[in-house]
Amino acid sequence: MPRFLIIMGLVLLTAGILWPYLQKIGLGRLPGDIVIERERFTLYIPLMTSVLIALVINTLIWIIGRYF
């Protein structure tokens with residue numbers, strides 16, 4: 001369990017560091033992300049971004065679990 005938490009912490013740290021660069025390639029503005037804009041209100045629901053990130057993290061966990 002401690003090794004898993006360390007690896008997940010490193011993954012989150014890497015994602016946090018790379019986030020500005022990932023936004024430049026369109027992550028966070030994918031088709032399927034819902035944006036509702038009103039006069040003094042903006043609602044942003046990143047559905048597709050969340051699905052994509054979940055798939056990547058799930059794949060990394062699977063690979064780590066299979067080979068370590």
Side-chain angles (χ1 to χ4, degrees):
M1 185 67 168
R3 181 172 47 177
F4 173 75
L5 291 175
I6 290 171
I7 291 170
M8 287 307 299
L10 291 174
V11 168
L12 289 173
L13 178 67
T14 304
I17 291 170
L18 294 176
W19 190 255
Y21 304 108
L22 294 174
Q23 284 182 326
K24 289 181 182 178
I25 63 171
L27 191 65
R29 294 183 312 257
L30 297 174
D33 290 347
I34 299 171
V35 179
I36 299 172
E37 294 180 358
R38 303 283 186 235
E39 284 183 29
R40 290 179 273 156
F41 175 76
T42 301
L43 176 66
Y44 178 69
I45 304 171
L47 289 176
M48 276 305 174
T49 301
S50 298
V51 169
L52 183 63
I53 291 172
L55 286 173
V56 169
I57 290 174
N58 206 1
T59 303
L60 287 173
I61 291 172
W62 179 76
I63 290 170
I64 291 168
R66 183 174 173 115
Y67 294 110
F68 291 104

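If you read the sequence from its start, that first residue is 1, and numbering goes on from there.
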Quick one: CD1 on I53 to CG on N58, what's the gap to the nearest 0.5 Å?
13.5 Å
Review item, side-chain donor-acceptor pairs of residues 30-41, under 3.5 Å, at least two apart:
from: D33; atom 1: OD1; to: L47; atom 2: N; distance (Å): 3.3
from: D33; atom 1: OD1; to: M48; atom 2: N; distance (Å): 3.0
from: D33; atom 1: OD1; to: T49; atom 2: N; distance (Å): 3.2
from: D33; atom 1: OD1; to: T49; atom 2: OG1; distance (Å): 3.4
from: D33; atom 1: OD2; to: L30; atom 2: N; distance (Å): 3.0
from: D33; atom 1: OD2; to: Y44; atom 2: OH; distance (Å): 3.3
from: D33; atom 1: OD2; to: T49; atom 2: OG1; distance (Å): 2.8

Does anything in residues 59-68 pair up under side chain to side chain donor-acceptor pair (under 3.5 Å), and if so which pairs, sequence neighbours excluded?
none
If two hydrophobic side chains count as joined below 4.5 Å and joins carry through other members, does V51 share a cluster with I45?
no
Report all side-chain donor-acceptor pairs from residues 1-20 shorter than 3.5 Å, counting only partners two or more places apart or in another chain.
from: T14; atom 1: OG1; to: L10; atom 2: O; distance (Å): 2.8

Locate the shortest heavy-atom distance separating R29 from K24; write the atom from each residue and the value.
NH2-O, 4.4 Å
